[in-house]
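Worksheet: one structure, shown below.
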Amino acid sequence: MIFNEQNSKKFKRSYFRGLKSSSERIYKETYLTTKFQYALFYAKATGQVFEYKLKENANIFNAKCKTDEACLRKYCQKAWPEFLSKIEKLKNNDWITVSEERQDLIDAIQFLGYDGYFNFEIDKNLIKEARKYECFDFTEIHLNSPSITLFDDSTLIEVQNWKGEKLERNLEFQALHEKELDYIKWSLLEDLYEGLEKSLKQKTEELSKGLVTFKNTSQIAEYIQTFKKSPIENIKDLEDEFGPLIQEEYERKTSLAKSMSKRLNLSEENVISKVKKPFSQI
């Protein structure tokens, strides 16, 4: 589909790309997202986020466009019949989860003369995978975010780039920073509930694996150190802020323990006793 045939609102849409350095090039294709915060995950606080518009003559494959779908179907009927049953899934799923032959699909679209393709960067299947790992992420807010892959950067118009102090003044950067501060508070309070004694170095390294708005681990360490200077006041504030969520989690685990004890024919009292009560370590 020629891009100027699409809705004018989509034509004016900004696309973002996050890089740790301007020379970074992991893939031969260029991957962009409509979500500034998602681009930040690739840039981190020390990198930069580029903002682009697409040129009017960009010919982008869109699986939801009947013309583009028919073009791919015609190709598959002749050269790749085993992929025909998967075409429908391209409309609403991240292509990574649709087929292990993703690169073959990309090569086919490029062969058909397209400059790139629209996709959804994250779907429910990928969120399930992300939850297996104990790291900080905001995949929920990016669910089914439109993204675009381009085979040639010549179809892009750079609007601006965000880095350094300019990046820190960005409202979306600031909003994410506040969420990450909440995550640090939650993580510290959770350690207190569990009675875990972690060194500042250990805690900082653990948190740094997922945080993206902090320039380095020393910034996180500085925040944790501030927290430790007046622990009584901070703990009280954190109880007020996160206490209901902790209590809700405790009740969920207790309910699960009851269910498990019945299925496994175990003493309900014994199973529930293994679920830590909130605030028991404070």
Co-membership, hydrophobic cluster, residues L171 and Y38, 4.5 Å side-chain: no

Rounded distance [0.5 Å steps], CG in L156 versus CG in L32: 5.5 Å

Side chain proximity check, K35 to E172, heavy atoms < 4.5 angstrom: no

SB check K209 E205 (cutoff 4.0 Å): no

Qualifying residues under side-chain contact (heavy atoms from CB on, under 4.5 Å), relative to Q219, sequence neighbours excluded: F214, K215, N216

Distance (rounded to the nearest 0.5 Å) between R17 CZ and T30 OG1: 4.5 Å

Worked verdict on R102 versus I106 for side-chain contact (heavy atoms from CB on, under 4.5 Å): CA-CA 6 Å; R102 179 172 170 272; I106 293 173; 4.0 Å; yes

Within 6.0 Å of NZ in K89, more than 12 heavy atoms from elsewhere: no

Steps toward side-chain contact (heavy atoms from CB on, under 4.5 Å) verdict (K20, T46): CA-CA 7 Å; K20 289 182 182 178; T46 53; 5.8 Å; no

With sequence neighbours excluded, residues passing side chain to side chain donor-acceptor pair (under 3.5 Å) with K203: S187, D191, E206

Sequence-distant partners of T149, side chain to side chain donor-acceptor pair (under 3.5 Å), two or more places apart: Y117

Exercise: do Q103 and D107 side chains pair donor with acceptor under 3.5 Å: yes

Minimum heavy-atom distance I109-G116, with the two atoms named: CG2-O, 4.1 Å

Side-chain heavy-atom pair I148, N119 within 4.5 angstrom cut-off: no

pair Y52-V159: side-chain heavy atoms closer than 4.5 Å: no

Nearest-0.5 Å distance, OG1 of residue T213 to NZ of residue K179: 11.5 Å

Near-ring test F16/F36, centroid separation under 6.0 angstrom: yes

Whether F118 and Y15 hold their rings parallel, tilted or perpendicular, with breakpoints at 30° and 60°: tilted

Cationic N near anionic O, under 4.0 Å, E69 to K64: no

For K78, side chain to side chain donor-acceptor pair (under 3.5 Å) partners two or more places apart: none

Side-chain donor or acceptor of E180 paired with backbone N/O of V212 under 3.5 Å: yes

Other residues, nucleotides, ligands: >12 heavy atoms within 6.0 Å of E168 CD: yes

Non-hydrogen atoms of Q37 and F41 that approach each other most closely: O-CD1, 3.2 Å

Test item: side-chain donor near acceptor, Y223 and Q225, under 3.5 Å: no

Heavy-atom closest pair, residues S208 and T217: CB-CG2, 3.5 Å

Heavy-atom donor-acceptor pair, K55 side chain to S154 backbone, under 3.5 Å: yes

Considering all heavy atoms, the nearest A43-V49 contact: CB-CG2, 4.0 Å

Any donor-acceptor N or O pair under 3.5 Å, side chains S14, K53: yes

Short side-chain to backbone donor-acceptor contact, D68 and N62, under 3.5 Å: yes

Residue that, paired with Y114, satisfies ring pair (Phe, Tyr, Trp, His ring centres under 6.0 Å) out of F61, F151, Y75: F61

Partners meeting side chain to side chain donor-acceptor pair (under 3.5 Å) with K166 (sequence neighbours left out): Q160

Partners passing salt bridge (charged side-chain N to carboxylate O under 4.0 Å, His left out) against K66 (at least two apart in sequence or in another chain): none

Distance, nearest 0.5 Å, that separates CG of L72 from CG of L105: 6.5 Å

ILVMFWY network linking L181 to L200, side-chain heavy atoms under 4.5 angstrom: yes

Nearest-0.5 Å distance, CD of residue E51 to CD of residue E158: 9.5 Å

Shortest non-hydrogen separation from C76 to I87 and the atoms involved: SG-CD1, 4.2 Å

Neighbour count >12 (heavy atoms, 6.0 Å) for atom NZ, K163: no

Check: N59 and T155 side chains under 4.5 Å, non-hydrogen atoms: no

Separation between OG1 of T204 and NZ of K198, rounded to the nearest 0.5 Å: 11.0 Å

Any T34 side-chain heavy atom under 4.5 Å of R13 side chain: yes

Mutual orientation of the aromatic rings belonging to F83 and W80 [parallel < 30°, tilted 30-60°, perpendicular > 60°]: parallel

Heavy-atom closest contact (N57 atom, D115 atom, distance): O-OD2, 4.0 Å

